[in-house]
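The structure appears below as structure tokens.
Chain naming here is simple, since letters A, B, ... match the order of the sequence lines and numbering starts at 1 in each. Excluded from the calculations below are hydrogen atoms, water molecules and symmetry mates; all remaining heavy atoms, backbone and side chain alike, are included. A quick note: this is a predicted structure, and the numbers were derived from the prediction, not measured.
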Number of protein chains: 2
Amino acid sequence: MGKGITIEDVASAAGVSRQTVSRVMNQSPRVSPEARTRVEQAIAALGYVPSLAARSMAGGRSRLLLAVFESPSPETQATLGLDRLLPAGTLACSPHGYRLLLEPIAPESAPAASDAQLAATIGAVQPDGAILLPPLDSRADLRAALESRKVPVQTLHGTGAPVENPGEAAAQHLLDRGHRQIGFITGPSDPGHAEYCLAGYRSALARKGSRAHRHFVAEDRPDLGDVLDLARAWLVPTIRPTAIITMRSEAALAVLHVAQALKLAVPRDLSLIALEDDPALARSHPPVAALHDPAPDRFAAACTRMITALENRDAPRSDPPVSAITLTERASLARAPRAI
Amino acid sequence: MGKGITIEDVASAAGVSRQTVSRVMNQSPRVSPEARTRVEQAIAALGYVPSLAARSMAGGRSRLLLAVFESPSPETQATLGLDRLLPAGTLACSPHGYRLLLEPIAPESAPAASDAQLAATIGAVQPDGAILLPPLDSRADLRAALESRKVPVQTLHGTGAPVENPGEAAAQHLLDRGHRQIGFITGPSDPGHAEYCLAGYRSALARKGSRAHRHFVAEDRPDLGDVLDLARAWLVPTIRPTAIITMRSEAALAVLHVAQALKLAVPRDLSLIALEDDPALARSHPPVAALHDPAPDRFAAACTRMITALENRDAPRSDPPVSAITLTERASLARAPRAI
DNA sequence: ATGAAAGCGCTAACAT
DNA sequence: ATGTTAGCGCTTTCAT
């Protein structure tokens with residue numbers, strides 16, 4: 001059932017020509033209200049859905065967008081979060097009749113290899129556009145491979161705001177609340193990303209003249225005991241951080257535990273922020289604040305930008321900026337207890 | 001560049017008709033070796049890639065497979081692992097000229113709603129098949145919606161082996177090594193899944209006559225202190241588990257820490273298995289064994305099964321079974337120290 | 001073994 | 001505002 005319903009069926013059911021049906025589907029203004037209604041009813045009655053392939057052939061627009069992402073290598077456990085990205089993007093596309101097509105790129109692939117791969121995909125599906133997902137958005141070779149073949153490219157940080165640094169953002173939040181002795185515990189997962197966040201933290205503190213980053217910076221260790229020891233080493237002395245930033249959520253939980261064992265009240269004596277959110281953070285006592293990267297929303301926004309750019313090839317558009325990072329405030333945050 | 005190369009271009013470059021080119025692409029045996037070679041060279045020289053849309057229209061096969069998955073709701077943080085699934089599936093499809101198309105289904109969506117959604121997708125792209133990803137593989141309504149429209153369905157557990165229960169598998173591994181006093185710490189994330197694993201653990205122990213599941217079963221808590229307390233409560237007494245299974249990797253690390261603080265050697269005095277793998281487990285001291293769900297491989301296998309079933313509509317196939325769960329053995333495992 | 005003819009379902013040009 | 005005429009790039013079916 002529902003098989004083989006074509007524009008022709010709709011046309012005869014509505015008593016018009018295929019063209020009129022086509023015009024209705026394509027929102028052409030040159031259709032009389034009556035005709036439009038009859039066509040719409042016929043479409044609904046028959047459950048007609050136009051064939052993407054046929055529209056692609058005839059109209060030259062495939063309504064397919066490439067979602068180009070880096071396929072995780074076994075060791076690079078760095079979770080891209082496709083679980084939440086892809087539904088968001090799909091949802092943004094479908095009301096416009098567009099669809100996403102996956103294009104995984106092997107990490108550190110040679111430019112020639114990925115160029116060939118993209119060439120094959122472009123030839124086969126002729127996508128109307130491509131979204132370069134991080135960390136691929138910085139690969140000039142991919143962008144060139146796409147654009148040289150007339151495939152427009154978008155990234156998550158459209159034309160607007162520059163990328164925010166999570167380490168810097170977290171530090172800034174704490175500085176704004178009066179904290180100066182702010183500790184930072186990196187995550188062991190992705191060395192490059194850890195360095196990046198750490199640098200952001202450092203520059204934020206340096207701007208405010210704090211020297212905490214000389215004393216309270218440590219590397220996260222996989223052994224829980226090491227993290228607990230570290231937390232104790234920082235929190236037992238009189239001169240101690242009034243706030244600590246951790247990259248991993250688990251480290252934040254470990255610090256919280258040590259603080260409570262030492263009778264330090266969170267957040268009164270110590271504020272906590274994790275750079276990575278996790279359900280466990282929301283359920284701990286007290287819940288721990290975390291930075292939240294609205295990547296799914298930014299991906300959806302990128303898809304929408306792409307589509308509107310495609311549809312009105314002329315009209316100048318102003319892309320509403322999307323904030324890159326937000327803080328999920330939870331009870332682990334308070335103003336600095338006093339000046340030290 | 002590379003734009004607009006059609007079968008016609010290849011045909012004239014090779015000095016043959018379009019049909020011959022088509023036959024070469026479709027592996028038809030009715031082509032002379034010389035002609036085939038000339039065509040293949042022309043294809044390579046021109047960088048020709050056949051248009052999916054055109055093939056779909058003319059041949060009635062879209063070479064598109066639907067990857068139907070449950071889109072995570074805000075609270076259902078249950079990570080499906082699309083990050084690793086999709087590249088694996090894509091890789092399995094591409095050598096055959098097939099592609100994956102995403103179809104997210106809202107969790108607990110009404111059957112009528114998802115039926116309409118699938119109908120729209122099927123009408124638009126006319127997929128040659130669909131893979132129902134867990135936990136959607138048990139939704140009879142989705143399967144019906146697909147199959148009633150002549151779209152063949154596959155799931156991760158092909159025709160072969162039944163689904164293994166992670167809790168049961170882990171318990172069985174330990175029982176095989178002589179353990180009887182085996183503890184189990186559930187995870188707080190997905191209640192249904194936790195119950196399921198716990199039941200598997202219970203039945204495995206019951207089969208061997210162990211009664212440990214009466215004493216050493218506990219619920220995981222988000223607060224680290226609670227988990228540490230629990231581990232101490234189990235490990236301090238003389239009658240204690242010789243092995244512990246945890247659902248969350250963090251809980252395993254916490255138990256490991258307590259054991260070491262109590263001067264219990266892992267794995268000599270205590271074996272540890274997590275039901276969820278994580279890079280941190282491999283880096284701890286000692287590394288902690290974990291169950292590993294080869295879902296990416298099973299997804300790739302499902303795609304391959306689908307494609308071969310599609311290509312040889314006649315030949316009877318025997319699907320090689322794929323093991324559902326494997327144990328990543330690490331230094332946290334040893335035989336039971338003694339009978340208690 | 002190869003070619004010629006006839007579409008697949010739709011849209012872009014032209015008509016009218 | 002609507003209908004008509006050509007294709008889009010392939011695969012089918014039927015000739016040769």
Side-chain angles (χ1 to χ4, degrees), chain A residues 2-40 42-43 46-64 97 122-126 128 310-311 313, chain B residues 2-40 42-43 46-64 97 122-126 128 310-311 313:
Chain A
K3 197 67 173 180
I5 301 159
T6 80
I7 196 175
E8 197 59 68
D9 302 326
V10 178
S12 60
V16 297
S17 77
R18 308 188 295 203
Q19 232 4 273
T20 305
V21 178
S22 176
R23 287 189 179 106
V24 169
M25 295 193 313
N26 295 303
Q27 329 231 46
S28 164
R30 314 189 145 276
V31 185
S32 72
E34 311 71 274
R36 161 160 287 131
T37 311
R38 301 228 310 288
V39 168
E40 280 165 346
I43 287 179
L46 297 179
Y48 166 71
V49 180
S51 150
L52 252 202
R55 303 185 86 179
S56 172
M57 284 221 68
R61 296 173 11 182
S62 64
R63 288 148 210 262
L64 254 25
I122 293 172
V125 311
Q126 313 216 5
D128 292 343
L310 252 25
E311 308 275 86
R313 284 206 155 289
Chain B
K3 196 68 173 182
I5 300 159
T6 80
I7 196 175
E8 197 59 67
D9 302 325
V10 177
S12 60
V16 297
S17 76
R18 315 189 289 204
Q19 301 331 316
T20 306
V21 178
S22 176
R23 286 185 179 108
V24 169
M25 296 194 313
N26 295 307
Q27 329 231 48
S28 163
R30 315 188 145 275
V31 184
S32 72
E34 312 72 271
R36 162 159 286 132
T37 312
R38 301 228 310 286
V39 168
E40 278 164 349
I43 287 179
L46 296 180
Y48 167 70
V49 181
S51 151
L52 253 201
R55 302 186 87 179
S56 171
M57 281 220 70
R61 296 174 7 181
S62 63
R63 286 146 211 264
L64 254 26
I122 293 172
V125 311
Q126 313 215 3
D128 292 344
L310 252 25
E311 309 275 87
R313 284 206 154 289

What's the [atom1]-[atom2] distance between [X] and [N], to the nearest Å?
X      : N       : atom1 : atom2 : answer
R63(B) : dT11(D) : CZ    : C1'   : 10 Å
I5(A)  : dC10(C) : CD1   : C1'   : 16 Å
R18(B) : dG7(C)  : CZ    : C1'   : 11 Å
I7(B)  : dG7(C)  : CD1   : P     : 19 Å
R55(B) : dT12(D) : CZ    : P     : 9 Å
R61(A) : dT11(C) : CZ    : C1'   : 10 Å
N26(A) : dT11(C) : CG    : P     : 5 Å

Separation between [atom1] of [X] and [atom2] of [Y], rounded to the nearest 0.5 Å:
X       : Y      : atom1 : atom2 : result
R36(B)  : E34(B) : CZ    : CD    : 11.0 Å
Y48(B)  : I5(B)  : OH    : CD1   : 9.5 Å
I122(B) : L64(B) : CD1   : CG    : 12.5 Å
L52(A)  : M57(A) : CG    : CE    : 13.5 Å
L46(B)  : T6(B)  : CG    : OG1   : 9.5 Å
R55(A)  : N26(A) : CZ    : CG    : 5.0 Å

Distance between P atoms of dA13(C) and dG9(C) (Å, rounded): 23 Å

Rounded P spacing from dC10(C) to dC14(C) in Å: 23 Å

Between [options], which one does the side chain of [X] approach most closely?
X      : options                  : value
A58(B) : dC10(C), dC8(C), dA6(C)  : dC8(C)
T20(B) : dT11(D), dT2(D), dT2(C)  : dT2(C)
M57(A) : dT11(D), dG9(C), dG3(C)  : dG9(C)
V16(A) : dC10(D), dT11(C), dG3(D) : dG3(D)

Write down the atom of [X], the atom of [Y], and the distance for their closest heavy-atom approach.
X      : Y       : result
A11(B) : S17(B)  : CB-C, 3.7 Å
G60(A) : D128(A) : O-OD1, 4.5 Å
R63(B) : G97(B)  : CB-O, 3.6 Å
V21(A) : I7(A)   : CG1-CG1, 3.5 Å

Any S22(B) side-chain nitrogen or oxygen under 4.0 Å from OP1 or OP2 of dT11(D): yes

T6(B) vs dG9(D): side-chain N/O to OP1/OP2 distance below 4.0 Å: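 Negative; the distance criterion is not met.
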
5' priority, DNA chain D, between R23(B) and S51(B) [closest heavy atom]: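 Its nearest nucleotide being more 5', the pick is S51(B).
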
Residue-level proximity of residues 30-40 of chain B to DNA chain C when a heavy atom falls under 4.0 Å: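 Close to the strand are R30(B), V31(B), S32(B), A35(B).
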
Base-pair map of DNA chain D as dot-bracket, where | denotes pairing with a different strand and pairs are Watson-Crick or G-U under 3.5 Å: ||||.|||||||||||

